[in-house]
Protein chains: 2
Amino acid sequence: MSDAETLLADAPAGHKDELRLWLRLLTCTTMIESEIRRRLRAAFDTTLPRFDLLAQLDRHPDGLTLGELSRRMMVSNGNLTGLSARLEAEGLVERNPSPTDRRATTLRLTSVGRTVFAEQSAAHEGWIADLLGGLSPGERSALFRLLARTKTSARNATETAA
Amino acid sequence: MSDAETLLADAPAGHKDELRLWLRLLTCTTMIESEIRRRLRAAFDTTLPRFDLLAQLDRHPDGLTLGELSRRMMVSNGNLTGLSARLEAEGLVERNPSPTDRRATTLRLTSVGRTVFAEQSAAHEGWIADLLGGLSPGERSALFRLLARTKTSARNATETAA
DNA sequence: GCCGAATGCTTGAAGCCTAAAACATTATCT
DNA sequence: AGATAATGTTTTAGGCTTCAAGCATTCGGC
């Protein structure tokens, strides 16, 4: 029996379950994420990637290099070139050559950037509380634990495959 | 007390919890989604939006209009113009004027599209089973239920706000 | 000290995505 | 029937995203 035949024979039985779970997970995240994007645009005329970058820098007052940001934000390197250029043009972020490595550029919040982010961050936290407010504390902690398990499962699967 | 002051006074206490939950949800979904995108590219040289559009059409053999697709896929209308044009150029999809509404265009799979999607779909199902395979059946069904609750919570929050 | 490998970043091409404006057609209300 | 509103699609401008190619610098081994 060929590999393709094996796949087709085995698949219908056990895998629909996981697929439904994945689709639901994706729908949930997409719904919340779209709403957050919409509110960020409406309230602050900004975007989620901009907000995420500011959030990282806010947590690291000494600055981060583009490479460090790229890894933390799980986006490609080239992506950050444009994103940081836009934020610099808006005056929220400043770019300086790394003192220890002449290849690297460090990014940090300007004082304007810090102020702007503080407002956005407070609103964001409220929005999330609003969107997830329909869950009881017990449900939230159960979900939190199950997602930790999910993360582990996914990480193991991607690593053994690679 | 002003609204802003109320927000700031209440926020630090109760909302960190929901924020951590949201970040974990987002991380999980992003990890799995990136891996699926990577595998779709490696195995079939295609993308997730293309795959999603084919999946919708596969479920509706009589075809769907761009507007229906837009709603089901939760993406903007204008987005589908380009996406469907690319899939048509690749010969996977055919566009026909709606017989009942001269404004509308219906999309359906070509026979090539149906064959291509069947392969991709089988592989996709296996990948998801792989990525979520670390969860027990009990964990999966508990997660499934909690995500339903999450979806309801988010939907209520977006509707009452709008 | 020198050379090749690894690392940090930028650029370019292509695709995905949105919001808003424009256009065509259909539905509704008198 | 005629005006108005609603719906279906496309276009436009701008931003986000990736991959791959290229350049600059640093690191490791010799």
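No hydrogens, no waters, no symmetry mates; every other heavy atom, side chains included, goes into these values. Residue numbering restarts at 1 for every chain, and letters A, B, ... go by the order of the sequence lines.
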Rounded to the nearest Å, what distance is computed from the CG atom of residue A:Leu107 to the C1' atom of nucleotide C:dC9? 12 Å
Using the rule that two of Ile, Leu, Val, Met, Phe, Trp, Tyr join whenever any of their side-chain heavy atoms come within less than 4.5 Å, decide whether A:Met74 and A:Ile36 are in one cluster. no
For B:Ser70, report the nucleic acid contact type (base, sugar-phosphate, nothing); a contact means any heavy atom under 4.0 Å. nothing
Please determine, for the side chain of A:Asp101, which listed nucleotide (D:dT25, C:dT10, D:dT9) has the closest atom? D:dT25
Please find the pair of heavy atoms, one from A:Glu33 and one from B:Leu26, that lie closest to each other, and give the distance. OE1-CD1, 3.7 Å
Gap separating the CZ atom of A:Arg24 from the CZ atom of B:Phe144, nearest 0.5 angstrom: 3.0 Å
Here the distance between atom P of D:dG8 and atom CG of B:Leu64, to the nearest Å, is 13 Å
Contacts of A:Arg38 and A:Ser84 projected onto DNA chain C by closest heavy atom; the upstream (5') one is A:Ser84
Comparing A:Arg103 and A:Leu80 on DNA chain D - which has the more 5′ nearest nucleotide: A:Leu80
Check the phosphate of D:dG8 against B:Ser98, side-chain N and O only, distance under 4.0 Å to OP1 or OP2. Yes or no? no
Whole angstrom value for the distance that separates C1' of C:dC16 from CZ of B:Phe51: 17 Å
Whether the B:Thr47 and B:Arg37 side chains hold a donor-acceptor pair (N or O, under 3.5 Å, no angle test) is what I'd like checked. no
Is the distance from OP1 or OP2 of D:dT18 to the nearest side-chain N or O of A:Asn79 less than 4.0 Å? yes
Can you tell which of C:dT10, C:dC16, D:dT17 lies closest to the side chain of B:Arg86? C:dC16
So, OP1 or OP2 of D:dC16: does either fall under 4.0 Å of a side-chain N or O from A:Arg37? no
B:Leu40 CG to C:dC16 P, in whole Å, measures 12 Å
Test side chain to side chain donor-acceptor pair (under 3.5 Å) applied to A:Thr29 and B:Thr27, B:Thr29, B:Thr30, the passing residue: B:Thr29
Using atom CD of A:Glu68 as one end and atom C1' of C:dC9 as the other, report the distance to the nearest whole Å. 14 Å
Measure CG/A:Leu83 against P/D:dG14 and give the value in whole Å, please. 18 Å
Mind checking B:Thr105 for me? I need base, sugar-phosphate or nothing, with any heavy atom below 4.0 Å counting as a touch. sugar-phosphate
Under 4.0 Å: is that the gap between some side-chain N or O of B:Arg102 and OP1 or OP2 of C:dC23? no
Are B:Phe51 and B:Phe44 an aromatic pair, judged by ring center distance below 6.0 Å? no
Among C:dT18, D:dT10, C:dT10, which nucleotide sits nearest the side chain of A:Leu66? C:dT10
Taking only the side-chain heavy atoms of B:Thr81 (C-beta and beyond), determine which of C:dG8, C:dC17, D:dT11 contains the nearest atom. D:dT11
Is there a side-chain polar atom (N or O) of B:Arg95 under 4.0 Å from OP1 or OP2 of D:dT10? yes
Reckon A:Arg41 touches a base, only the sugar-phosphate, or nothing at all at heavy-atom distances under 4.0 Å? sugar-phosphate
Nearest whole angstrom, please: distance from the P of C:dG8 to the CG of A:Asn96. 18 Å
Looking across every strand, which nucleic acid part, if any, lies under 4.0 Å from A:Gly78 by heavy atom: base, sugar-phosphate, or nothing? base
